[in-house]
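Just so it is clear: chains get the letters A, B, ... in the order the sequence lines come, proteins before strands, and each one is counted from 1.
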2 protein chains.
Amino acid sequence: MPSPKVQIYEQLAELAKVLGSAHRLELIEYVSQGERSVERLAELTGLTVANTSQHLQLLRRGGYVRSRRDGKRVLYSLGDGPILALLASLQCYAERNSAEVRAIVGDYFGKLDQLEPVSREDLLQRLDDGDVTLLDVRPEDEFDLGHLPGALNVPLGKLELHLSELTPDREIVAYCRGPYCILSFEAVAALRAKGYRVRRLQDGFPEWKAAGYAVEVSP
Amino acid sequence: MPSPKVQIYEQLAELAKVLGSAHRLELIEYVSQGERSVERLAELTGLTVANTSQHLQLLRRGGYVRSRRDGKRVLYSLGDGPILALLASLQCYAERNSAEVRAIVGDYFGKLDQLEPVSREDLLQRLDDGDVTLLDVRPEDEFDLGHLPGALNVPLGKLELHLSELTPDREIVAYCRGPYCILSFEAVAALRAKGYRVRRLQDGFPEWKAAGYAVEVSP
DNA sequence: TAATCATTCAATTAATAGCTTGAATGAACT
DNA sequence: AGTTCATTCAAGCTATTAATTGAATGATTA
């Protein structure tokens, strides 16, 4: 019988191992954007349905996702507990320690001069001046629980549908769950590709709220 | 060529995979307590030297540890970046989501009534009254960079040597790097086994400092 | 009750990771 | 220079893990 300490490490390793697959990380991302069926997740990730199902079951065993039956489909959603915090922690570490990650992020965002994030103070100033559109790219339910005042909620998957609400000549400031949330990476890349001027907010909603700035809650 | 998003996930998965082994987590722990040679680490973990070396090289590739040559030995130490934060995040998640981890931690500490951690306010009060010994079980270099006022530094590995400094009839409050740092688990278990009355501080040094309480720095 | 559909299970193969062994490196001591 | 010692490398074996296929389950609909 191994020592309790080693037993704890074995459990931690078990949980870390589940995160050690790009496919599973991607599944967590999609699932964190809202309930999805296995078929839909398979489609989004490009995996076969059976394979997706197996990955989802590993994720469920680790508590990262949970499932419920809805008619003939099984819907997966994000588990509870500090999952996003854990992923943010991993990504934060990666961005500081892995030159490769920095390089990819750099390319992804395009030129370095465009990359510079907007500070909270800058944002407030420019919102006052009325010359920016503030975009919240988190899923609707997270938005409803609290968002930056005046933000427009356009969940990542629905970006295409809401393009008409965006004025191409106004700069857009996008934010999501935190400085290392991959949602805003996606959003910024997609909008840049369409010719919009977009920058990221320095950090995400949790940091904004923690800093004591005003927060709006959906009615 | 996979999409940049997938590339990032591949990198993150790579890093997570390195954490997906109990032996490697244990190695990180030992290495975080100070520079250690491969042979020493092999001895501490019970692995063969070659095997230890290989694990260390994986850890080094992930940036979790670094190495330097000292004479005929190679000394490994903790890498930089938010490694301990990442591990704390993992452990926090585990303790909330894994019944097994909670069970092990429960057993490890003994009865639940003894488990209750000491709050910061309680600690201050009781330090004022002078009826507790405050124990910092982090490595010496971390202690020197800042610690709770009046704390006694007894790094985990040297606990045996310093037993004489502890009065058995005074209650001991131990703290380390954070609420999920495994060092204090070890310390509390070891001291309890010797009959001391020990409790953990509610959280560790980083939280204490962040909350704005007084901090002492070694001269 | 049978048919349909989404998901899961079970079995297989291919790829990967962990551990051991013995040889190779590289620094220090004689 | 040769010897010793700590570490790393390389090869081989075993155990896990990933992905594929086809069958089984479980809930709806005809």
Side-chain angles (χ1 to χ4, degrees), chain A residues 2 6-7 9-28 30-31 34-77 79, chain B residues 2 6-7 9-28 30-31 34-77 79:
Chain A
V6 170
Q7 284 181 59
Y9 281 134
E10 277 166 4
Q11 295 294 321
L12 293 184
E14 210 62 44
L15 289 171
K17 214 177 279 180
V18 175
L19 297 181
S21 145
H23 288 151
R24 287 195 287 270
L25 292 176
E26 211 185 346
L27 283 169
I28 293 180
Y30 287 126
V31 144
E35 274 193 331
R36 298 278 146 86
S37 69
V38 178
E39 195 177 33
R40 188 76 229 289
L41 289 167
E43 194 184 310
L44 286 165
T45 53
L47 302 172
T48 65
V49 171
N51 197 7
T52 304
S53 172
Q54 287 182 156
H55 280 303
L56 287 169
Q57 277 164 73
L58 277 179
L59 286 169
R60 191 177 46 195
R61 252 196 279 153
Y64 296 106
V65 305
R66 62 181 142 191
S67 62
R68 72 180 180 89
R69 232 202 153 100
D70 172 44
K72 56 173 76 168
R73 294 181 311 169
V74 174
L75 299 179
Y76 280 85
S77 55
Chain B
V6 170
Q7 283 181 57
Y9 282 135
E10 276 165 4
Q11 296 294 321
L12 294 183
E14 210 60 44
L15 289 171
K17 215 177 279 181
V18 175
L19 297 181
S21 143
H23 287 150
R24 287 195 289 268
L25 291 176
E26 211 185 348
L27 283 169
I28 292 180
Y30 288 126
V31 145
E35 273 193 332
R36 299 278 147 85
S37 69
V38 178
E39 195 176 32
R40 189 77 229 287
L41 289 167
E43 193 185 310
L44 285 165
T45 54
L47 301 172
T48 65
V49 171
N51 196 8
T52 304
S53 173
Q54 288 181 153
H55 280 303
L56 287 168
Q57 277 164 74
L58 277 180
L59 285 169
R60 189 176 47 196
R61 252 194 279 154
Y64 296 105
V65 304
R66 61 182 142 192
S67 62
R68 73 182 180 87
R69 225 194 161 104
D70 172 45
K72 54 173 79 167
R73 293 180 313 167
V74 175
L75 299 179
Y76 281 85
S77 54

Length of the line joining [X]:[atom1] and [N]:[atom2], which is rounded to integer Å:
X: B:Leu27; N: D:dT7; atom1: CG; atom2: P; value: 13 Å
X: B:Leu56; N: D:dC9; atom1: CG; atom2: C1'; value: 15 Å
X: A:Leu58; N: C:dT8; atom1: CG; atom2: C1'; value: 13 Å
X: B:Leu75; N: C:dA27; atom1: CG; atom2: P; value: 15 Å
X: B:Glu35; N: D:dT7; atom1: CD; atom2: C1'; value: 16 Å
X: A:Glu43; N: C:dA6; atom1: CD; atom2: C1'; value: 14 Å
X: B:Arg61; N: C:dA17; atom1: CZ; atom2: C1'; value: 12 Å
X: B:Gln57; N: C:dA17; atom1: CD; atom2: C1'; value: 15 Å

Practice task
Can you sort out the partners of A:Val38 under side chain to side chain contact (heavy atoms under 4.5 Å, CB included), two or more places apart, ordered by chain and number?
Solution key: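 Testing A:Val38 for side chain to side chain contact (heavy atoms under 4.5 Å, CB included), a comparison that skips the adjacent residues, returns A:Val49, A:Thr52, A:Ser53, A:Leu56, A:Tyr76.
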Exercise for the section: Using the test side chain to side chain contact (heavy atoms under 4.5 Å, CB included), find all partners of B:Gln54 that sit at least two apart in sequence or belong to another chain. Expected result: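 In terms of side chain to side chain contact (heavy atoms under 4.5 Å, CB included), with neighbours along the sequence ignored, B:Gln54 is linked to B:Asn51.
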Exercise for the section: Tell me which of A:Gly20 and B:Ser37 sits closer to the 5' end of DNA chain D, going by the nucleotide each one is nearest to. Expected result: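 Nearest-nucleotide comparison on DNA chain D picks B:Ser37.
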Practice task
Could you pull out all residues at least two apart from B:Arg61 that satisfy salt bridge (charged side-chain N to carboxylate O under 4.0 Å, His left out)?
Solution key: none
Completion exercise
When every non-hydrogen atom of B:Leu44 is compared with those of B:Glu26, the smallest separation belongs to O-OE2, 4.4 Å
Problem - salt bridge (Lys or Arg N to Asp or Glu O under 4.0 Å) contacts in which one or both residues fall within residues 9-22 of chain A, not counting sequence neighbours - result: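 Passing the test, one end in residues 9-22 of chain A: no pairs.
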Practice task
Only pairs at least two apart or in different chains count here, so list each side chain to side chain donor-acceptor pair (under 3.5 Å) that has a residue in residues 34-43 of chain A.
Solution key: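 Residue pairs passing side chain to side chain donor-acceptor pair (under 3.5 Å), neighbours aside: A:Glu35-A:Arg68.
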Practice task
Could you pick out which residue, A:Tyr76 or B:Arg24, lies toward the 5' side of DNA chain C when each is mapped onto its nearest nucleotide?
Solution key: A:Tyr76
Exercise for the section: Ignoring backbone atoms, establish whether B:Ser53 has a side-chain N or O less than 4.0 Å from OP1 or OP2 of D:dT7. Expected result: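 Looking at the OP1 and OP2 atoms of D:dT7, neither is under 4.0 Å from any side-chain N or O of B:Ser53.
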Practice task
Heavy atoms under 4.0 Å is the rule here; annotate nucleotides 19-30 of chain D 5' to 3' with B where the base is hit, S where only the sugar-phosphate is, and - elsewhere.
Solution key: BBB-----SS--
Problem - Heavy atoms of other groups near A:Arg60 CZ, more than 12 under 6.0 Å - result: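 Above 12, so yes.
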